[in-house]
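Only heavy atoms go into these numbers, but all of them, side chains included; no hydrogens, no water, no symmetry mates.
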Amino acid sequence: MDCQTFTKIGYIALQSNKQYLLFLFVVFAGAFYAFGQEGKITPLNIKVEKDSITAPLFPSTSIRDSITADSLANDSINKKPPLLLDKITYKAKDYVKLSQKENKIYLYNEAEIYYQDTELKAGIIIMDYIKNEVYAGRMKDSLGNYSQLPYFKQGSNIVIPDSIRFNFDTQKALIWNSRTEQQAAAGQLGSDAMKVYAEITKKENDSVYFLSEGKLTTSTDTINPDYYIRVRKAKFVPGKKVIAGFSNLYIADVPTPIAMPFAYFPLGVGRSAGILMPSFGNDPNTGYFLQDMGYYVPLGDYADVTLSGDFYTNGSYAFRSASIYTKRYKYRGNVNLRYENQVRSQKGFSDYSLSKNYNIQFSHSQDPKSSPNSRFSASVNLGSSEYYRNSLQQRNLPNTQNNTLSSSISYSKTFPEYPSVNMSLTATHSQLTSPTATASDADNINMTLPTFQASMERIYPFAKRDGIKKGIIQNINFQYDVNAQNRLTTNDDDFLTSRMFDNAKVGARHRIPLTTNFKVAKFFSVSVGGNYEDVWTLETYNQSYDAETKSIVRDTVSGFDRYNKYNFSASIGTTLYGTFDLGEDKKIQAIRHTMRPSISYGYAPSFDQFYDEYIDGDGDVVQFSRFQGTLNGAPSLGKSNSLGFSLANTLEAKVRDKDSTKIEPKKVSLLSNFNISTGYNFESDSLRLNPLTVNGGTNILNNKMSINFSAGLDPYAIDNNGKRIDTWNIDNGGSLFRLTRANANISYSISSEMFGKKEDDETEEEEDPFDYVAQSGGRDDDLFGRADNFNDNPVRKDDKNSDVENPIYGTKIPWNLRLAYSASYANSARQSEFSSHSLMFSGDIELAPRWSVGGSSGYDFKNQGFTLTQLRFQRDLKSFTMRFNWTPFGQYKRWYFFIGIDSSILKDLKWENRSQPIRN
């Protein structure tokens with residue numbers, strides 16, 4: 001090819017150098033396509049095709065005149081070569097031919113040239129050292145197959161074409177069938193990288209390329225991509241952008257109606273500001289809408305902010321702000337602010353309503369190594385109680401089943417000098433969100449603003465600090481701690497207003513415990529101690545009887561006041577072991593029972609000095625304390641003198657291992673804990689024996705099933721009004737104990753992997769605490785459903801686009817199942833009813849390597865109805881993901897369909913459709 005032909009092709013193919021405007025992709029109609037011919041893909045999946053140009057022929061004497069390949073070979077003649085040859089390093093496997101007649105160097109088979117930051121490798125390289133131009137192409141064998149595609153690297157840009165012509169002086173090049181991969185943004189996986197292919201590419205300089213008949217895709221398979229965007233002409237700036245003319249979306253080489261007159265594709269490495277594409281839809285309650293329209297802004301190297309909003313034609317709107325900040329080995333956190341203005345119906349209609357809901361989330365975690373003696377942490381989730389239930393965003397669906405919002409912000413400081421002191425300042429928040437607790441007159445929000453707590457380490461005054469402590473005297477120790485709070489109780493209407501402080505209660509409690517411990521008869525551990533408390537408050541309450549109104553008058557007395565109290569306690573306990581040997585030839589060789597009985601005694605005097613009296617309307621004397629109703633309450637009236645009994649049990653078994661090569665048996669826990677406790681009150685005239693409390697728990701089936709239970713057993717009978725009487729229940733015609741309450745919680749998790757054969761060297765990877773984050777205010781599983789947030793793909797990126805078929809699919813289908821059973825029984829007054837009784841379940845089935853079906857639901861046996869039910873269908877289309885979520889019935893009945901590209905670069909190329917649930 002002569003210079004004139006070269007110039008003509010370059011001019012006709014690529015003459016555009018225009019800057020095009022940014023084009024916003026329209027959402028496209030979803031289509032299903034099952035992709036086949038799956039095979040393992042090499043890093044760039046280069047398919048050798050016939051060369052688009054003919055390489056210059058080698059001279060017939062090249063073999064005869066060839067010299068041995070040498071990376072530093074120089075001409076042996078006296079004529080001084082051009083300066084370029086002094087700076088170029090070249091070599092080849094078969095031969096290197098220097099032709100003085102043609103002023104060219106011929107390199108054949110594994111040819112390589114290095115010049116400054118330019119690296120070129122190919123099967124054939126021909127260099128004109130007068131024009132300082134080089135041609136690189138492939139090798140062709142006797143069967144017509146091509147091999148050794150050119151590899152061109154300049155700086156950080158890599159191009160793998162069929163052939164290339166490059167000028168060292170002008171740095172311009174003409175490339176045929178070029179393929180290049182742009183690096184993914186920081187923190188993203190390689191599957192997010194943009195692949196750029198063009199039949200003809202003209203390299204203008206180091207940063208500008210012009211493309212003709214190009215293809216852009218994020219598919220791993222670059223030979224037969226499942227989708228690509230065809231561009232006729234484009235300007236390509238590596239690592240920054242592609243500005244294209246007329247563009248058309250192709251799926252499986254089939255053109256779609258999605259076309260655009262011009263397009264802009266950002267390729268920047270790292271974070272960059274940009275527009276977030278919205279979702280379109282229609283809802284019968286809110287009209288047409290745009291959801292998640294916004295803008296992303298990086299803030300330096302450690303933070304970013306996302307501003308987004310929703311707009312509905314009926315007047316509803318929502319705004320959100322989400323910011324994430326992180327600094328390695330220091331801290332990380334996020335801040336989310338959400339506000340929704342919800343309009344129902346139209347003004348003038350009876351069902352018209354306007355509500356304003358908000359939600360504030362803030363989390364902060366600090367690396368313990370960054371500041372060992374101080375720590376700040378936060379986990380905040382507060383807002384309107386009806387936010388999740390009435391949210392316009394369907395991704396909040398799982399959180400509708402949660403009945404509480406909670407928050408905590410704390411700062412702690414340690415002073416390590418002896419005696420060390422720990423101090424903390426904490427603000428907490430707890431909010432009920434159940435429908436029965438959100439009325440304006442219901443105080444459903446509790447807060448502490450703040451809680452101050454400080455404690456001094458334990459001091460042993462009669463023993464050396466580092467010495468061994470023996471006996472009663474040396475083990476005497478004491479501590480000091482203080483707890484001060486400002487506690488608020490309010491409701492949604494008064495929340496975040498000055499009225500929320502109307503019922504504030506402020507108080508402090510100082511405590512000094514004094515204890516010692518010692519052994520008796522080697523096997524009994526004895527602990528003796530006392531506790532002194534000094535309680536402060538900033539207001540008290542005086543009570544009196546008003547004869548005119550015949551009511552109790554309660555006056556608030558502002559000002560500092562205090563009281564003190566003290567008590568004495570002692571306990572003794574031991575540990576007993578019992579082993580039942582069943583024989584080494586048995587499957588269960590032995591059973592071990594461990595019992596830890598203990599007896600405790602407690603005494604506290606009556607603090608009558610803090611009580612006053614008044615006479616009510618019936619002439620009766622009523623005692624009251626001015627401290628009743630304060631933060632820490634009033635001291636006890638009447639002496640406390642009680643004895644407590646407790647028995648803790650564990651049950652273990654030695655089981656012969658199924659592996660015959662293992663000598664030692666396995667230890668299996670049959671009963672993790674089984675505790676029984678009760679008490680006896682010496683000061684009571686009747687009903688001295690306290691109800692028996694029983695609780696326990698265990699894990700069975702290789703720790704796949706967890707069982708926890710508790711119950712209350714009362715030895716006394718009750719009368720017809722449900723009041724306990726001083727009569728044994730067995731003497732009243734009943735059993736020895738009367739069941740007053742019971743609770744049971746059972747969870748079970750099972751999957752197909754449990755039935756597969758595990759490899760001996762199988763190891764469990766350590767879980768990254770940031771790999772999975774619980775949904776805001778919700779659970780870390782999908783028993784309450786999965787959020788419809790299709791902007792974040794739940795499929796693991798490193799598992800997608802893998803064309804290695806899982807061999808399990810011919811014999812077994814992967815699946816998993818999670819069950820949770822909960823029941824609460826109440827019978828304190830012979831009502832014999834279940835206060836709650838439900839079964840929750842969720843699971844997933846992989847019908848094929850790229851097909852997944854899942855669901856979650858539950859049944860409420862008390863209310864005789866199904867809980868939130870959700871069915872999920874997902875199809876992995878390699879570069880695409882198609883998902884359909886369906887809630888078939890109930891308050892949140894709806895469906896949601898989505899199909900879109902997984903890559904974050906083109907994630908806005910999607911189509912989704914949905915229905916809206918019926919709102920409260």
Side-chain angles (χ1 to χ4, degrees), residues 432 436-449 483-495 497-510 533-567 603-642 681-688 690 716 718-727 828-829 831:
L432 296 176
T436 58
T438 56
S440 60
D441 58 346
D443 291 334
N444 61 312
I445 301 177
N446 295 311
M447 304 182 70
T448 59
L449 295 175
N483 183 288
Q485 293 184 19
N486 176 27
R487 185 177 300 171
L488 312 175
T489 303
T490 185
N491 53 53
D492 283 82
D493 292 342
D494 297 338
F495 188 48
T497 66
S498 60
R499 296 189 301 272
M500 66 183 288
F501 297 96
D502 292 344
N503 297 324
K505 295 181 179 180
V506 182
R509 185 186 70 246
H510 305 264
E533 288 189 18
D534 201 81
V535 180
W536 297 354
T537 183
L538 296 184
E539 62 181 15
T540 54
Y541 304 97
N542 188 28
Q543 298 182 23
S544 61
Y545 179 76
D546 190 343
E548 294 182 0
T549 60
K550 297 182 180 180
S551 61
I552 306 300
V553 178
R554 193 166 185 260
D555 299 323
T556 302
V557 180
S558 299
F560 175 80
D561 205 343
R562 58 170 292 275
Y563 68 85
N564 63 325
K565 62 179 182 178
Y566 48 89
N567 59 64
Y603 174 83
S606 177
F607 299 94
D608 300 334
Q609 66 271 29
F610 300 110
Y611 280 80
D612 298 314
E613 298 177 351
Y614 68 86
I615 301 176
D616 61 10
D618 298 329
D620 298 328
V621 177
V622 179
Q623 289 184 310
F624 74 93
S625 174
R626 64 183 184 276
F627 297 101
Q628 291 176 346
T630 60
L631 179 66
N632 295 294
S636 61
L637 178 63
K639 185 168 54 175
S640 174
N641 189 11
S642 62
N681 189 358
F682 294 102
E683 297 299 325
S684 177
D685 296 333
S686 62
L687 305 175
R688 292 189 173 185
N690 296 334
Y716 292 104
I718 58 175
D719 57 17
N720 293 331
N721 296 324
K723 185 178 180 181
R724 297 174 72 204
I725 58 177
D726 192 10
T727 303
S828 59
Q831 66 267 38

First locate atom CD1 of I552, then atom OH of Y614, and finally report the distance between them rounded to the nearest 0.5 Å.
-> 3.5 Å

Please list, chain by chain and in numerical order, all residues satisfying side chain to side chain donor-acceptor pair (under 3.5 Å) with E533, sequence neighbours excluded.
-> N531

Rounded to the nearest 0.5 Å, how far does OG of S686 lie from CG of N681?
-> 10.0 Å

Solution key, residues 629-639 side-chain donor-acceptor pairs under 3.5 Å, sequence neighbours excluded:
residue	atom	partner	partner atom	Å
T630	OG1	F627	O	2.6
T630	OG1	G633	N	3.4
T630	OG1	G633	O	3.4

Scanning both residues in full, the closest heavy-atom pair of M447 with I445 reads CG-CG2, 3.9 Å

What pairs of residues pass the salt bridge (Lys or Arg N to Asp or Glu O under 4.0 Å) test when at least one of them lies in residues 534-548, not counting sequence neighbours?
-> D534-R562

Taking C-beta and beyond as the side chain, do Y611 and Q628 meet within less than 4.5 Å on heavy atoms?
-> yes

Could you tell me whether a side-chain N or O of N486 sits under 3.5 Å from a main-chain N or O of L449, the two making a donor and an acceptor?
-> yes

Which residues pass the side-chain contact (heavy atoms from CB on, under 4.5 Å) test with I718, sequence neighbours left out?
-> R724, R738, R830

Interatomic spacing from CG in L432 to CG in D492 - rounded to 0.5 Å = 10.0 Å

Mind checking ring pair (Phe, Tyr, Trp, His ring centres under 6.0 Å) for Y545 and listing every partner two or more places apart, or none if nothing turns up?
-> none

Please name all residues satisfying ring pair (Phe, Tyr, Trp, His ring centres under 6.0 Å) with Y716, sequence neighbours left out, ordered by chain then number.
-> W728

Looking at residues at least two apart in the chain, or sitting in another chain, which of them share a side chain to side chain donor-acceptor pair (under 3.5 Å) with S640?
-> none

Can you tell if the side chain of F624 reaches within under 4.5 Å of the side chain of N542, non-hydrogen atoms only?
-> yes

Interatomic distance, R688 atom CZ to S642 atom OG [nearest 0.5 angstrom] = 12.0 Å

Across all chains, not counting sequence neighbours, the side-chain contact (heavy atoms from CB on, under 4.5 Å) partners of S551 are T549

Counterpart residues, ring pair (Phe, Tyr, Trp, His ring centres under 6.0 Å), relative to F682 (two or more places apart) | Y680

Residue pairs, two or more places apart or on separate chains, that pass side chain to side chain donor-acceptor pair (under 3.5 Å) and touch residues 498-507 = D494-R499

Look up atom CZ in F560 and atom CG in L538, then write down how far apart they are to the nearest 0.5 Å.
-> 8.0 Å

Ring centres of Y566 and F607 under 6.0 Å apart?
-> yes

Under 3.5 Å donor-acceptor, D719 side chain and N721 backbone = yes

D555, CG atom: more than 12 neighbouring heavy atoms under 6.0 Å | yes

Look up atom CG in N483 and atom NE2 in H510, then write down how far apart they are to the nearest 0.5 Å.
-> 10.0 Å

Among all residues two or more places apart in sequence or in another chain, which pass the ring pair (Phe, Tyr, Trp, His ring centres under 6.0 Å) test with F495?
-> none

If you look only at pairs with a residue in residues 608-637, which of them pass as a salt bridge (Lys or Arg N to Asp or Glu O under 4.0 Å), with sequence neighbours excluded?
-> D561-R626

